[in-house]
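Every number for a ligand or one of its atoms is a count from 1 in the order of the listing.
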Amino acid sequence: MTSSQTTQPSETAQPSETTQPLVLPEILTVNELGDLLDVSPVEVIKRLMTHGIMASLNDAISFETASLVAVDLEVEVTSSANASGLVAADIDDHSGDDTDETLEVRPPIITILGHVDHGKTSLLDAIRESDVAEGEFGGITQHIGAYQIEHNSLPMTFLDTPGHAAFTAMRARGAQITDIAVIVVAANDGVMPQTIEAINHVRAAEVPLIIAANKMDLPEADPERVKRELTEHNVVVEDFGGDVLFIPVSATTGDGLPALLDAIMLVAEIEELKANPQRSAIGVVVEAELDQRRGPIATVLVKTGTLRLGDAVVAGHISGKIKALFDDHGEPVTEGGPSRPVRILGLESVPSVGERIEAAEDDRQARQKAEEEKKRLESSGLRTGISLDTLYNEQGTSVVKELLLILKADVEGSAEAIKGAIESFKTSEVKPKFIHVATGGVNDSDVMLAEASGAIILAFNVASEPTALKKADAESVEIRNYTIIYQLLESVEQALQGLYDPIYKNVVDGLAEVRKVFRSSKVGQIAGCYVLEGKLARNARARVLREGTEIIDSECEGLRRFQDDVREVSEGFECGVILKDYNSWEENDKIEFYHQERTN
Ligand code: GDP
C-alpha cells in the first residue's frame, strides 16, 4: 500500500488569547513540541508525516520543522533565538526587553572579503597599524580573531578572519555578526571569481557593502575598470548613480585608509547599530583553542550586554565560569561590552567557532543549559537543509515563498540559459531566486552559502568537491546533479508547480501475533501478543491482518510489558498492544508494525 493520506486533526491547539507568538526553542524533540503546542506527540508525528518528515517521539527537530506543525495548527510561533536574541543577527539590539532608553550606540563589526591576493590580510594589518592607540602597545600584535581600533575617537571592530568562507560559516551557524562587509578588489586585477562569490555571500546575508579598490599605488591600477566590472554584477557605485561606497586605497602605502574608515563610520551611523550594555551578555565565539597551560581559551565578540569576570557562561553544550578576561592587546580586563572582542578563560572545554555564548544566572543554570543542549545534540534526526521535496511539502503552509538556488555549471552559456529559463517559472506562490551563479564545481563555499540561506544547489555538468559533498551531507544541503538541461528545468518546474507528489512506501519493522485478548476499563481492549519478528515500537503505525486480510490500519497507542509502559519490544518477547480506535481483536490476529519512507 502506498499511503500519502493526511490524517484529519484529532486535536487542535487553542490559539493563545494574547497576540504574543509562542516561543519555541531552536531545537526540540517531537515530544516537547507536543507539550508546547498542547497537542499529543502523536499528532505532531502525524503532522510531520504530512510534510514528508518521519520523526519519532524523541527525535530532535529544528525550529523550522517545528514551525510547519505550528502553522498547520494555526499557532503563531517565534524562535527563542529571535525572542532572546539567540541569532546574533537578531541580537541587534532591539530584541527582548530592550527599550529605547536601555539601548546605546555600539561599534560596528566589519568583515573584509574579496578575491585571493587582492589584499585582505594586508588591509586588515594596515588598518590595525593605523590606530594610534595601537602603536602604544609596542607593536606586539596578538591575532585573536578580531580587533578593535579607534578612528576619530570612534571604536570599530574588525573580524580578523578575512574571506567569505569564515563569513558564511558563521552565518550558517546562526551567528551573523558582521554589520558591514568591505569587499577588497585589487585595482590592477579587477573583479575576479571570488569577488563575485563574496558579493553574492554578502547579498545573501543582507549586509551593507563597501568596496575598497586596493593596490592603488601600482601604476596599472584602474579603478574605473573595477567600477564598470562591478556594475555587471549589479554592484553600482555612487559615481555610477548607485549607493555603494567605493574607496580607492593602498594597504601598502596607507593611502585612502582614513577615507575607508570614514565610509565605514558613515554606513554604521545609517545602520543605527545599538545594544544594551546593561543586560546579561550574549556573544559569539570567533576563535577558540586549547592552551596547554591555561586550558580552553575562546575569543568572544560580545554582541549585546556586558561579559564580566566571574560570569557563569554557556556556549552550546559547554559551560564555564570566566576566570580571566583579556582584551585584543592581551591586557587583562574585568569586562567587555557590546562589539568588544575579549579572550576568556574558564570554559570547561573548547567551544566551536560560531557558537553563541551567553551569561547565565549562575553556575547551576549554566550547567543545566549546557546539559540540555548536549542531550539535544545527541538525539538524531535534526534536519536543517531544504530539499526540492520539502519545498513542495511546505508550499501549502506558505512557509516557503522563494526557492533560493545556487547554480554551478560547466560553461557560462549554460549557466545563463538555465538561470533565464528557471526565472521564467515564477508562479504566484513560489518564485525562484538565484543567490549565486558561477562556473566550476560545487565547492565548500557553495554548500555553506546554501546552508546559511536555505538554498538548493543545482550542479549542471560539474562535479562536487569531495569536501563539499561531505559538508552537504552533514548539513542536509541538497545538491542536484544534472547533465541534461531539460531534465534540470523539468524537475525545478515540477517542484515549483507542486507536481511533485510524494509517494510513500511502508517499511515493516516488526510482526506480532495475538495470543490472548484482555479488557481494560480504561483503555478498552489490549492484545496480548508475542513478537515473531523485528520489533514493535510505541507510536508506530500498525496494520492488523486476519487470515491475510487487512482489518485496520491504525496507530499503536500503547505498548506494555507486564504493568509497565514501554517504548519498544523486541523479537521473542510478549507484550500488550493497544491500537487507536480499535477494540475488535481476535486471537491469532497478526499485527504488522511499520513506518513510511518516501520513495521519490
Ligand atoms: P589576501 O590573499 O587577499 O589576504 O592578500 P594579501 O594581503 O596576502 O596580499 C597579497 C599580495 O598583495 C601581497 O604580496 C601583498 O604584499 C600585496 N599587496 C596587498 N596590498 C597591496 C597594495 O595596496 N599595494 C601593493 N602594491 N601590493 C599590495
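Here the side chains of Val442 and Lys408 are in contact, with some heavy-atom distance below 4.5 Å. For the pair Arg203/Asn234, a side-chain contact is recorded, criterion being any heavy-atom separation below 4.5 Å from C-beta on. Side-chain contact between Val333 and Arg340 is present, with at least one heavy-atom pair separated by less than 4.5 Å. Side-chain contact between Glu271 and Pro108 is absent, with no heavy-atom pair separated by less than 4.5 Å.
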Review point. Which is it for His233 and Asn200 under the side-chain hydrogen bond (donor to acceptor under 3.5 Å, both in side chains) test, yes or no, and what are the steps along the way?
Key: CA-CA 9 Å; His233 299 281; Asn200 291 333; over 6 Å; no

Exercise for review: Show your reasoning for whether side-chain contact (heavy atoms from CB on, under 4.5 Å) applies to Ile457 and His436.
Suggested key: CA-CA 9 Å; Ile457 301 175; His436 182 54; over 6 Å; no

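Of all the heavy atoms of Val249, none lies under 4.0 Å from any atom of ligand 1, so neither backbone nor side chain is involved. By the criterion of a heavy-atom distance under 4.0 Å, the side chain of Asn214, and not its backbone, is placed next to ligand 1. The part of His118 lying near ligand 1 is the backbone, judged by heavy-atom distances below 4.0 Å.
Counting the atoms of ligand 1 from 1 in the order shown, those under 4.0 Å from a heavy atom of Asp217 are 22 (C), 23 (O), 24 (N), 25 (C), 26 (N). Per-residue contacts place Asp117 under 4.0 angstrom from the following atoms of ligand 1 (heavy atoms of the residue considered): 1 (P), 2 (O), 3 (O), 5 (O), 10 (C), 12 (O). Below 4.0 Å from some heavy atom of Ser250 lie the following atoms of ligand 1, by number and element: 23 (O).
Taking a 4.0 Å cut-off on heavy atoms, His115 registers as neighbouring ligand 1.
Closest heavy-atom approach to atom 19 (C) of ligand 1 among the candidates Ser122, Ala213, Ala251: Ser122.
Taking the centre of each ring, Phe460 and Tyr482 stay at or above the 6.0 Å mark.
For Gly119, a nitrogen or oxygen atom sits less than 3.5 Å from a nitrogen or oxygen atom of ligand 1, counting backbone and side chain alike.
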